[in-house]
Peer 1: 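Sharing a structure below in structure tokens format, with a few things to ask.
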Amino acid sequence: MVLYNLTIIVDETINAEWQSWVKTAFIPKISETNLFISHRLLKVLNSPNEGVTYCLQFVAENAVKYETFASDHAPAIMELHAQKFGNQCVSFSSLMEYME
């Protein structure tokens with residue numbers, strides 16, 4: 001299994017709006033792809049960054065499903081995020097593999 005982690009630093013002035021939109025629009029849009037088996041939204045408590053830092057994590061059964069998401073869905077979904085919040089958020093992603 002792999003974990004797709006999206007770290008997003010949100011300007012404090014839009015924090016409540018961002019949280020609501022992510023929960024009602026962004027996460028459901030990613031979940032609709034049926035490429036992930038679970039997700040979670042976490043707030044980073046000790047972030048050195050200005051603003052509020054979140055980690056949005058999605059678990060896929062394998063790297064092939066993640067790659068399908070990354071190539072076929074992620075660009076359009078991230079564009080929705082950019083259109084909604086512009087430069088009020090900064091994000092980066094990472095992919096991690098579960099070790100047994």
Side-chain angles (χ1 to χ4, degrees):
M1 292 197 314
V2 296
L3 186 139
Y4 166 55
N5 182 78
L6 182 59
T7 301
I8 304 171
I9 305 165
V10 179
D11 188 292
E12 290 181 22
T13 61
I14 61 155
N15 185 44
E17 178 187 4
W18 182 87
Q19 279 186 46
S20 177
W21 184 82
V22 162
K23 292 174 184 176
T24 61
F26 194 70
I27 291 172
K29 193 75 165 165
I30 293 172
S31 296
E32 286 172 8
T33 67
N34 293 316
L35 294 167
F36 298 102
I37 57 175
S38 68
H39 72 273
R40 71 181 131 233
L41 176 62
L42 303 116
K43 181 178 177 181
V44 178
L45 298 177
N46 63 346
S47 175
N49 303 303
E50 289 187 29
V52 185
T53 302
Y54 294 94
C55 290
L56 185 53
Q57 299 180 337
F58 292 87
V59 176
E61 291 176 347
N62 55 55
V64 172
K65 289 195 176 194
Y66 164 76
E67 292 298 335
T68 300
F69 171 77
S71 64
D72 297 351
H73 303 281
I77 292 171
M78 292 308 294
E79 180 59 28
L80 290 174
H81 189 270
Q83 288 175 358
K84 180 76 176 164
F85 297 105
N87 64 357
Q88 296 174 303
C89 298
V90 176
S91 66
F92 62 91
S93 63
S94 54
L95 184 63
M96 296 168 249
E97 180 179 34
Y98 281 85
M99 304 300 295
E100 294 187 31

Peer 1: Pair up each side-chain donor or acceptor in residues 1-8 with any protein partner under 3.5 Å, not counting sequence neighbours, and list the distances.
Peer 2:
{"unit_1": "Asn5", "atom_1": "OD1", "unit_2": "Gln57", "atom_2": "NE2", "d": "3.0"}
{"unit_1": "Asn5", "atom_1": "ND2", "unit_2": "Thr7", "atom_2": "OG1", "d": "2.9"}

Peer 1: Starting from Phe36, can I reach Ile27 by hopping between I/L/V/M/F/W/Y residues whose side chains sit under 4.5 Å apart?
Peer 2: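 Same hydrophobic cluster.
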Peer 1: Is there a donor-acceptor pair under 3.5 Å between the side chain of Thr33 and the backbone N or O of Ile30?
Peer 2: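 Here the side-chain-to-backbone pair exists.
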Peer 1: Applying side-chain contact (heavy atoms from CB on, under 4.5 Å), run through Ser94 and Met96 and close with a yes or a no.
Peer 2: CA-CA 7 Å; Ser94 54; Met96 296 168 249; 3.6 Å; yes
Peer 1: Run the salt bridge (charged side-chain N to carboxylate O under 4.0 Å, His left out) test against Glu12 and tell me which residues pass, sequence neighbours left out.
Peer 2: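 Residues passing salt bridge (charged side-chain N to carboxylate O under 4.0 Å, His left out) with Glu12: none at all.
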Peer 1: Same hydrophobic cluster for Trp21 and Ile14, using side-chain heavy-atom links shorter than 4.5 Å among ILVMFWY?
Peer 2: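 They do share one cluster, since a chain of ILVMFWY contacts under 4.5 Å joins Trp21 to Ile14.
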Peer 1: Please report the C-alpha distance between Tyr98 and Val59 in whole Å, then the side-chain angles of each, then the deciding distance to 0.1 Å, and finally whether the side-chain contact (heavy atoms from CB on, under 4.5 Å) criterion is met.
Peer 2: CA-CA 10 Å; Tyr98 281 85; Val59 176; 3.3 Å; yes
Peer 1: Kindly compute the distance separating OH (Tyr66) from OG (Ser93), expressed to the nearest 0.5 Å.
Peer 2: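 With rounding to 0.5 Å, OH (Tyr66) is 5.0 Å from OG (Ser93).
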Peer 1: Return all side-chain donor-acceptor pairs below 3.5 angstrom for residues 69-79, not counting sequence neighbours, or 'none' if the list is empty.
Peer 2:
{"unit_1": "Ser71", "atom_1": "OG", "unit_2": "Glu67", "atom_2": "O", "d": "3.0"}
{"unit_1": "Ser71", "atom_1": "OG", "unit_2": "Thr68", "atom_2": "O", "d": "3.4"}
{"unit_1": "Glu79", "atom_1": "OE2", "unit_2": "Gln83", "atom_2": "NE2", "d": "3.3"}

Peer 1: Can you check whether Gln19 reaches Asn15 side chain to side chain, under 4.5 Å on heavy atoms?
Peer 2: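 Yes, at least one pair of side-chain atoms sits under 4.5 Å.
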Peer 1: What's the spacing between Glu97 CD and Asn62 CG if we round to 0.5 Å?
Peer 2: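 Reported to 0.5 Å precision, the distance equals 11.0 Å.
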Peer 1: Would you check if Phe58 and Leu35 make a side-chain contact, meaning some heavy-atom pair closer than 4.5 Å?
Peer 2: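 No, too far: nothing below the 4.5 Å cut-off.
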Peer 1: Heavy-atom distance under 4.5 Å between the side chains of Leu56 and Phe26, does that happen here?
Peer 2: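 Yes, their side chains come closer than 4.5 Å.
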Peer 1: Please state whether the rings of His81 and Trp18 are parallel, tilted or perpendicular, taking 30° and 60° as the class boundaries.
Peer 2: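 Geometry flag for Trp18 against His81: perpendicular rings.
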